[in-house]
Q: 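Structure below; questions to follow.
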Amino acid sequence: MHLLSTQDMARADRLTIENGVAGAKLMWNAAEAVADTVRKVAGPDRPIRILCGPGNNGGDGYALGAILASEWRDVTIFALGEPAPGSDASWALSKWNCPVGDLSDYRPAHSDLIVDALFGAGLSRPLDGQAAAVVERVNSSGACVVAIDVPSGIGGDDGRIHGAAVRADHTVTFFRGKPGHWLYPGRAHRGELHLKDIGIDDSVLNGIGSRFRLNGPLLWNSEWPKPKEETHKYERGAVAVLSGNRLSTGASRLSARAAARMGAGAVTIIAPKEAASIHAAHLTAIMVHQAEEADEVIERLSDGRERAVVAGPGYGVGAPLCDMVLGLLALDRRTCGHRTTVLDADVLTSFRDEPDVLFAAIRNSDHRVVLTPHDGEFARLFPDLSSNDRPKTVRVADAADRSGAVVLLKGADTVIAEPKGRIAINPNGTPLLATAGSGDVLAGMIAGLCAQSMPVFEACCAAAWCHAEAGSSFGPGLIADDLPEQLPDVLRRLHQREGDKE
Ligand SMILES: NC(=O)C1=CN([C@@H]2O[C@H](COP(=O)(O)OP(=O)(O)OC[C@H]3O[C@@H](n4cnc5c(N)ncnc54)[C@H](O)[C@@H]3O)[C@@H](O)[C@H]2O)[C@@H](O)CC1
Ligand SMILES: Nc1ncnc2c1ncn2[C@@H]1O[C@H](COP(=O)(O)OP(=O)(O)O)[C@@H](O)[C@H]1O
Ligand SMILES: [K+]
């Protein structure tokens with residue numbers, strides 16, 4: 001499913017208007033769509049108070065008022081400024097045949113149904129003055145709020161609070177969702193999201209070329225690996241996971257088990273001697289290979305049997321890990337096929353003083369690379385991209401462009417970006433995933449899919465989505481060990497789903 005930035009959405013409107021649908025018609029359709037939700041939420045008797053801004057978001061509010069007043073409902077409008085003469089909003093105001101109150105006079109009652117039509121896609125500066133004051137009163141009133149397009153004060157592109165922001169119970173948006181509906185804190189402010197058709201044809205998406213996607217099965221189901229009937233375990237896809245020393249072996253076992261559960265045909269942990277015997281005592285289906293020094297590990301991996309390698313979880317931060325990774329990335333495609341290297345955890349911290357060395361190695365490598373930082377690791381590798389001054393989506397996309405890797409920035413609103421390409425936001429995260437080792441599982445899941453030749457961006461998106469599904473379907477009490485065991489159930493349900501379409 002595409003998401004549209006405010007700029008993309010303006011282009012969708014423009015293309016639709018050029019194709020002969022009047023802007024006023026789109027506004028009326030938008031108001032009808034909001035009216036549907038308002039009727040359901042307000043029931044027959046609740047007083048409806050519409051707060052209109054000076055732009056087209058306010059225009060939607062005036063048109064909504066006209067529709068609901070024609071049904072003899074108790075509707076009042078309070079406005080901030082007037083629509084520009086000749087605008088669609090000014091036309092909508094002409095359909096509202098009752099007085100308009102001043103926004104500063106509105107005192108919300110708990111029983112009101114408030115419609116927030118102050119600002120939508122056109123928010124151009126932080127809320128202040130009357131707008132900020134009314135948002136404060138609305139939020140503390142306890143009244144039910146339906147926001148039009150986006151809760152006022154939330155940036156449609158970045159999901160951030162600009163000055164102050166409405167906390168809505170419902171948000172009605174048009175044609176496609178916006179990144180700000182899915183990035184926090186906007187995601188927490190929007191309440192239930194209602195996506196409505198207002199007469200914009202899907203074909204305009206071709207003319208827009210939006211980079212933004214909402215992650216979900218539609219994005220990657222068609223690339224899901226299906227083993228051939230006559231396959232064997234190495235052909236199906238093998239994974240290697242590099243283990244830390246004897247005191248930190250658990251992380252690599254979590255990654256390995258997750259890779260196997262995602263369908264990799266063979267998974268091997270490569271570990272130094274003392275750690276290898278600990279693994280051997282724990283493992284059954286997962287194989288263990290003993291290798292002491294970086295040279296031995298690279299020698300073991302140079303025959304190309306494993307099409308995906310996980311490095312970082314529990315390995316230990318330091319120069320030996322940097323050398324190992326640089327050695328791995330230098331392995332030749334002729335011997336290793338189209339290998340994917342998933343660099344997680346300690347690898348990301350180990351390169352904090354010389355991230356450009358890592359990025360140069362990635363760009364010069366024959367292999368596909370995935371970086372899976374959390375916020376702290378992201379700040380170490382990309383210090384200048386870590387401040388919140390630009391949307392998270394754009395910062396992750398810049399990190400992908402700079403590094404040459406697919407970058408998956410973990411968090412409640414995980415963002416995945418490919419170099420010069422798509423940017424996906426994961427919708428189904430649960431705070432239950434905030435448990436030690438859950439990131440190690442995710443790294444293994446990505447490797448498991450990449451080893452089966454799933455394209456790397458799709459593999460990252462699919463893994464993030466399935467990881468979150470595993471967390472929420474297991475429920476309270478979840479620890480990282482439970483995630484791989486939950487995957488068969490997630491995968492079974494996934495493959496039973498009927499293909500919904502874009
Ligand atoms: N034809 C279209 O373009 C359609 C637009 N629609 C609606 O139009 C909205 C976008 O309309 P606009 O582009 O007019 O933008 P908005 O209505 O979101 O806001 C723009 C207006 O608000 C003012 N403004 C921005 N930030 C402010 C602040 N912090 N304090 C005070 N004033 C501020 C601007 O100067 C401008 O007058 C969408 O969100 C959607 O609700 C829908 O009616 C569907 C069709
Ligand atoms: N509040 C949250 N909501 C949703 N997902 C979360 C939340 N907190 C963490 N996660 C997810 O949990 C995982 C944690 O990974 P990471 O920080 O690497 O942990 P660890 O290093 O302990 O394995 C990531 O996939 C992240 O997206
Ligand atoms: K709004």
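Index from 1, following the sequence. Computed from a prediction, not measured in an experiment: that's the story for all the values here. Remember, it's 1-based here, ligands and their atoms both numbered in the order they're listed.
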Q: Examine the proximity of ligand 1 to Asp149 and report which part, side chain or backbone, both or neither, has a heavy atom under 4.0 Å away.
A: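 Within the 4.0 Å criterion, Asp149 contacts ligand 1 through side-chain atoms alone.
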Q: Answer yes when Arg187 and Asp413 have at least one side-chain N-carboxylate O distance shorter than 4.0 Å, and no when they do not.
A: no
Q: How many degrees, to 10°, between Ile148 O and Val150 O as seen from the K ion (ligand 3)?
A: 70°
Q: To check your reading of the site, what angle at the K ion (ligand 3) do OG of Ser152 and O of Phe119 form, to 10°?
A: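 Vertex at the K ion (ligand 3): approximately 70°.
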Q: Taking atom types as modelled and ignoring hydrogens, do the side chains of Asp157 and Ser5 form a donor-acceptor contact shorter than 3.5 angstrom?
A: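 No, no side-chain donor-acceptor contact under 3.5 Å.
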Q: How close does the nearest protein non-hydrogen atom get to atom 21 (O) of ligand 2, and which residue and atom is it?
A: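 Minimum-distance protein heavy atom for atom 21 (O) of ligand 2 reads Asp440 OD1, 4.6 Å.
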Q: Which of the listed options, Gly59, Ala63, Gly122, Ala10, holds the heavy atom that is closest to atom 13 (O) of ligand 1?
A: Gly122
Q: Which of the atoms of ligand 2 are close to Thr414, meaning less than 4.0 Å from one of its heavy atoms?
A: 27 (O)
Q: N/O of His374 under 3.5 Å from N/O of ligand 2, yes or no?
A: no
Q: Taking distance alone, with no angle check, do Asp128 and ligand 1 share an N/O pair under 3.5 Å?
A: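 It does not: no N or O of Asp128 is found under 3.5 Å from an N or O of ligand 1.
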Q: When you look for heavy atoms under 4.0 Å from ligand 1, do you find them on the side chain of Asn57, its backbone, both, or neither?
A: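 Both of them.
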Q: Distance check below 3.4 Å: does Ala147 bring an N, O or S atom to the K ion (ligand 3)?
A: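 Within the cut-off used here (under 3.4 Å), Ala147 places no N, O or S atom near the K ion (ligand 3).
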Q: Are Ala131 and ligand 1 in contact, using a heavy-atom cut-off of under 4.0 Å?
A: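 Outside the 4.0 Å threshold, so no.
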Q: For Ala271 and His279, which heavy atoms make the closest approach, and how far apart are they?
A: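 In terms of heavy atoms, the two residues are closest at CB-CD2, 3.7 Å.
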Q: Take atom CD in Glu32; do more than 12 heavy atoms of anything else shown fall under 6.0 Å from it?
A: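 Above 12, so yes.
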Q: Quick test of your reading of the model: are Asp8 and Arg176 salt-bridged, counting only N-O distances below 4.0 Å?
A: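 Looking at Asp8 and Arg176, the cut-off is not met.
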Q: Can you see which heavy atom on Ala258 is nearest to which on Met445, and at what distance?
A: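 Minimum heavy-atom contact is CB-CG, 3.7 Å.
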Q: Taking the minimum heavy-atom distance to atom 40 (C) of ligand 1, which of Thr6, Asp60, Asn56 ranks first?
A: Asp60
Q: At a 4.0 Å cut-off, with the gap strictly under it, does some heavy atom of Pro54 reach an atom of ligand 1?
A: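 Under 4.0 Å: yes for Pro54.
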Q: If you define the side chain from C-beta out and look only at heavy atoms, does anything of Leu371 sit under 4.5 Å from Ser403?
A: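 Of all side-chain heavy-atom pairs linking Ser403 with Leu371, at least one is under 4.5 Å.
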Q: Run down the list Gly312, Ala412, Ala345 and name the one with the heavy atom closest to atom 7 (C) of ligand 2.
A: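 Nearest option to atom 7 (C) of ligand 2, by heavy atoms: Ala412.
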Q: List ligand 1 atoms under 4.0 Å from Leu26, heavy atoms only on the residue side.
A: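 Those qualifying, in numeric order: 45 (C).
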Q: Atom 8 (N) of ligand 2: which protein heavy atom is closest, and how many Å away?
A: Ala434 CB, 3.4 Å
Q: Would you say that more than 12 heavy atoms from the other residues, nucleotides or ligands in this model lie under 6.0 Å from the NZ of Lys196, or not?
A: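 Count over threshold, so yes.
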Q: List the closest protein heavy-atom neighbour of atom 3 (O) of ligand 1: residue, atom name, distance to the nearest 0.1 Å.
A: Asp13 OD2, 2.9 Å
Q: Tell me which part of Leu433 gets within contact of ligand 2: side chain, backbone, both or neither, using heavy atoms under 4.0 Å.
A: both
Q: Ignoring angles and geometry beyond distance, decide whether Phe174 reaches within less than 3.5 Å of ligand 1 through its nitrogen or oxygen atoms.
A: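 Not met; the criterion fails.
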Q: Side chain or backbone of Ile198 under 4.0 Å from ligand 1, or both, or neither, by non-hydrogen atoms?
A: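 The side chain, only.
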Q: For atom 25 (C) of ligand 1, what is the nearest protein heavy atom, given as residue, atom name and distance?
A: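 For atom 25 (C) of ligand 1, the nearest protein heavy atom is Ser124 OG, 3.2 Å.
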Q: Can Glu18 and Arg11 be counted as an ion pair, charged N to O under 4.0 angstrom?
A: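 Looking at Arg11 together with Glu18, the answer is no, because their closest N to O distance does not fall below 4.0 Å.
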Q: Between the side chains of His181 and Thr171, does any donor sit under 3.5 Å from an acceptor?
A: no
Q: Does any N/O atom on Gly437 come nearer than 3.5 Å to any N/O atom on ligand 2?
A: yes
Q: Taking the K ion (ligand 3) as the reference point, name the nearest N/O/S atom of Asp116.
A: O
Q: Compare every heavy atom of Gly471 with every heavy atom of Leu433, then report the nearest pair and how far apart it is.
A: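 Closest approach of Leu433 to Gly471, heavy atoms only: CD2-CA, 4.0 Å.
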Q: Are any of the N/O atoms on Gly411, whether in the backbone or the side chain, positioned under 3.5 angstrom from an N/O atom of ligand 2?
A: yes
Q: Please list, in number order, the atoms of ligand 1 under 4.0 Å from a heavy atom of Gly55.
A: 14 (O), 17 (O), 21 (C)
Q: Strictly under 4.0 Å, does any heavy atom of Gly53 approach an atom of ligand 1?
A: no
Q: Taking atom CZ of Arg380 as the centre, report whether more than 12 heavy atoms of other residues, nucleotides or ligands fall under 6.0 Å from it.
A: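 It does: Arg380 CZ has more than 12 such atoms within range.
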Q: Where do Ala443 and Asp344 come nearest, in terms of heavy atoms and distance?
A: CB-OD2, 3.8 Å
Q: Which residue and atom name correspond to the protein heavy atom nearest atom 4 (C) of ligand 2, and how close is it?
A: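 Result for atom 4 (C) of ligand 2: Thr430 O, 3.1 Å.
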Q: For Ile67, does its backbone N or O pair with a side-chain atom of Ser70 as donor and acceptor, under 3.5 Å?
A: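 Flag set: sc Ser70 to bb Ile67 pair under 3.5 Å.
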Q: Provide the number and element of each atom of ligand 2 under 4.0 Å from a heavy atom of Leu442.
A: 25 (O)
Q: Please list the nearest protein heavy atom to atom 18 (O) of ligand 2 with its residue and the distance rounded to 0.1 Å.
A: Lys410 NZ, 2.6 Å
Q: So that I can tick it off, tell me whether Arg257 and Asp481 are bridged by a salt bridge, with the cut-off set at under 4.0 angstrom between side-chain N and carboxylate O.
A: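 Salt bridge flag = no for Arg257 with Asp481.
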Q: Looking only at protein heavy atoms, which one is nearest to atom 13 (C) of ligand 2, and how far off is it?
A: Ser438 OG, 2.9 Å
Q: Can you report which non-hydrogen protein atom sits closest to atom 24 (N) of ligand 1, along with the distance?
A: Phe119 CE2, 3.6 Å
Q: What protein heavy atom sits nearest atom 19 (O) of ligand 2, and how far off is it?
A: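 Residue, atom and distance for the closest contact: Gly439 N, 3.7 Å.
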Q: Give me the atom names and distance for the closest heavy-atom approach of Thr372 to Lys410.
A: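 Answer, listing the atom of Thr372 first, then Lys410: O-CE, 3.0 Å.
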Q: Heavy atom under 4.0 Å from ligand 1: found in Pro126's side chain, backbone, both, or neither?
A: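 It is the backbone that touches ligand 1; the side chain stays farther off.
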Q: Is Gly120 in polar range of ligand 1, meaning some N or O pair under 3.5 Å apart?
A: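 Gly120 vs ligand 1: N/O contact under 3.5 Å present.
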Q: Nearest heavy-atom pair of Gly199 and Thr16: which atoms, and what distance?
A: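 Taking every non-hydrogen atom into account, O-CG2, 3.8 Å.
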Q: Where the side chain of Ser350 meets the backbone of Gly318, is there a donor-acceptor pair that is under 3.5 Å apart?
A: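 Yes.
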Q: Under 4.0 Å between a Lys/Arg side-chain N and an Asp/Glu carboxylate O for Asp489 and Arg493?
A: yes
Q: Among protein heavy atoms, which sits nearest to atom 29 (N) of ligand 1, and what does the distance come to when rounded to 0.1 Å?
A: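 I find the closest protein heavy atom is Arg125 O, 2.7 Å.
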Q: With a cut-off of 6.0 Å (strictly less than), are more than 12 heavy atoms of other residues, nucleotides or ligands near CD of Glu485?
A: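 For Glu485, atom CD is crowded (more than 12 foreign heavy atoms under 6.0 Å).
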Q: To which protein heavy atom is atom 1 (N) of ligand 2 closest, and what is the distance rounded to 0.1 Å?
A: Pro431 CA, 3.6 Å
Q: Regarding ligand 1, does Met27 bring an N or O atom to under 3.5 Å of one of the ligand's N or O atoms?
A: no
Q: Is there a protein heavy atom at a distance of less than 4.0 Å from atom 35 (O) of ligand 1?
A: no
Q: Tell me, which protein residue and heavy-atom name are nearest atom 25 (O) of ligand 2, and how many Å apart are they?
A: His467 CE1, 3.2 Å
Q: Does the plane of the ring in Trp28 sit parallel, tilted or perpendicular to the ring in Trp91? Use 30° and 60° as the thresholds.
A: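 Judged by the thresholds at 30° and 60°, the geometry between Trp28 and Trp91 is perpendicular.
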Q: Please determine if Ala436 has a nitrogen or oxygen closer than 3.5 Å to a nitrogen or oxygen of ligand 2.
A: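 No, since none of the N or O atoms of Ala436 sits under 3.5 Å from an N or O of ligand 2.
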